[in-house]
Amino acid sequence: MYMAHQLLQGKKGIIFGALDERSIAWKTAQCVVAEGAQIVLSNAPIALRMGKINELAKECNAQVIAADATSLTDLEALFEKSMETLGGKLDFVLHSIGMSPNVRKGIAYTETNYDNFLKTLDISALSLHKVLQTAMKLDALNEWSSVVALTYIAAQRTFPGYNDMAEAKALMESIARSFGYHYGFAKKVRVNTVSQSPTITTAGSGVSGFDAFYHYAEKMSPLGNASAEDCAKFCAMMFSDYTRMVTMQNLFHDGGFSFTGVSQGLIEDMQKVFTETAANG
Ligand code: NAI
């Protein structure tokens with residue numbers, strides 16, 4: 001049973017991207033509220049039409065405010081309304097937003113559709129810049145606030161099924177560093193990305209071959225795959241005062257996957273395949 005420690009007592013924030021109970025943002029909302037924070041939940045208007053988020057809003061005593069994260073007008077209204085609702089400036093933001101029309105339509109990386117590609121970059125990467133630029137313009141974040149965006153190791157290494165989301169994540173991580181520099185000097189606001197294990201969610205399972213890949217990562221990682229709940233706790237820590245001097249980082253939250261060459265379990269699986277192939281053929 002998870003024990004909360006009131007790590008975020010008195011803090012206020014916006015959580016983007018809770019679609020259903022599997023979403024990393026959903027678990028993070030539950031976790032930060034258990035830690036004493038007050039939040040506003042936001043998602044794209046089309047996602048809100050599903051209605052699921054209202055269950056979470058009730059549980060978290062939170063208001064839901066629609067915003068397409070690619071629209072500066074929507075984001076401005078969201079930050080203004082959030083400050084009004086929560087009664088002052090904010091202390092944290094979770095950017096948990098990703099979508100690739102090329103992935104969704106099964107279009108191969110080598111045959112990409114460039115209009116889709118630009119949409120992928122706008123939704124999954126530039127949206128972080130837009131969130132930060134809006135927050136800065138409205139002076140919506142207190143000093144020492146913390147902004148976290150979720151990312152994936154395909155930004156550094158090639159994973160074939162990840163398609164143009166790899167470029168989006170690489171761009172987003174770079175935006176976190178660049179904006180982190182400017183926001184740090186301007187207002188002591190910190191910006192980091194958390195690079196999470198494969199997680200069974202709507203966005204995650206949209207990637208081709210996800211199930212096999214999920215098991216591969218599980219076998220490769222000394223601690224196993226990090227769950228959405230684990231990720232939520234890590235984000236809560238990143239929003240807390242215990243990580244005040246951490247900024248412009250890409251932090252791997254992946255059970256050790258990123259620094260493992262190969263695991264003994266995978267070697268044994270490969271040996272079995274070789275032995276069977278040799279026997280059959
Ligand atoms: P999810 O599908 O539950 O969340 C993605 C969210 O993005 C949804 O709530 C969706 O409505 C929102 N979204 C899409 N377009 C939007 C727009 N224009 N404006 C505002 N919101 C929009 O899936 P998950 O896995 O919780 O994804 C959250 C984040 O974690 C994403 O950035 C994803 O790339 C990242 N991530 C996921 C991993 C996985 O294996 N599931 C692994 C590593 C990172």
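In this text the structure is predicted, and so the values were computed from the model without any measurement. The first residue in the sequence is number 1, and the count goes up from there. First listed ligand is number 1; within each ligand, the first listed atom is number 1.
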**OP:** Decide if the gap between the ring center of F252 and the ring center of F257 is smaller than 6.0 angstrom.
**Re:** no
In residues 274-281, what donor-acceptor pairs under 3.5 Å come from side-chain atoms, sequence neighbours left out?
from: T275; atom 1: OG1; to: Q271; atom 2: O; distance (Å): 2.6
from: T277; atom 1: OG1; to: V273; atom 2: O; distance (Å): 2.5
from: N280; atom 1: ND2; to: E276; atom 2: O; distance (Å): 3.3

Original post:
Does T243 reach the main-chain N or O of M237 with its side chain, forming a donor-acceptor pair under 3.5 Å?
Top reply: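 Present.
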List, one per line, each side-chain donor-acceptor pair under 3.5 Å for residues 32-40, sequence neighbours excluded.
from: E35; atom 1: OE1; to: H5; atom 2: N; distance (Å): 2.8
from: E35; atom 1: OE1; to: Q6; atom 2: N; distance (Å): 2.9
from: E35; atom 1: OE1; to: L7; atom 2: N; distance (Å): 2.9
from: E35; atom 1: OE2; to: Y2; atom 2: OH; distance (Å): 2.4
from: E35; atom 1: OE2; to: H5; atom 2: N; distance (Å): 3.4

Subject >> Heavy-atom closest pair, residues K89 and K12 >> reply: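 Where K89 meets K12 most closely, the heavy atoms are O-CD, 3.7 Å.
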Original post:
Which pairs pass salt bridge (charged side-chain N to carboxylate O under 4.0 Å, His left out) with one or both residues in residues 60-76, sequence neighbours excluded?
Top reply: E76-K137
Do any nitrogen or oxygen atoms of ligand 1 lie under 3.5 Å from a protein nitrogen or oxygen, and which ones?
from: ligand 1; atom 1: 2 (O); to: A203; atom 2: N; distance (Å): 3.0
from: ligand 1; atom 1: 3 (O); to: S23; atom 2: OG; distance (Å): 2.6
from: ligand 1; atom 1: 9 (O); to: G17; atom 2: O; distance (Å): 2.9
from: ligand 1; atom 1: 9 (O); to: N43; atom 2: ND2; distance (Å): 2.8
from: ligand 1; atom 1: 11 (O); to: N43; atom 2: OD1; distance (Å): 2.8
from: ligand 1; atom 1: 11 (O); to: N43; atom 2: ND2; distance (Å): 3.4
from: ligand 1; atom 1: 18 (N); to: D68; atom 2: OD1; distance (Å): 3.0
from: ligand 1; atom 1: 19 (N); to: A69; atom 2: N; distance (Å): 2.9
from: ligand 1; atom 1: 21 (N); to: N43; atom 2: OD1; distance (Å): 3.4
from: ligand 1; atom 1: 23 (O); to: T201; atom 2: OG1; distance (Å): 3.2
from: ligand 1; atom 1: 25 (O); to: T201; atom 2: OG1; distance (Å): 2.4
from: ligand 1; atom 1: 26 (O); to: I24; atom 2: N; distance (Å): 2.9
from: ligand 1; atom 1: 32 (O); to: I97; atom 2: O; distance (Å): 3.1
from: ligand 1; atom 1: 32 (O); to: K169; atom 2: NZ; distance (Å): 2.9
from: ligand 1; atom 1: 34 (O); to: K169; atom 2: NZ; distance (Å): 2.9
from: ligand 1; atom 1: 40 (O); to: T199; atom 2: N; distance (Å): 2.7
from: ligand 1; atom 1: 40 (O); to: T199; atom 2: O; distance (Å): 3.3
from: ligand 1; atom 1: 41 (N); to: T199; atom 2: O; distance (Å): 2.9
from: ligand 1; atom 1: 41 (N); to: T201; atom 2: OG1; distance (Å): 3.1

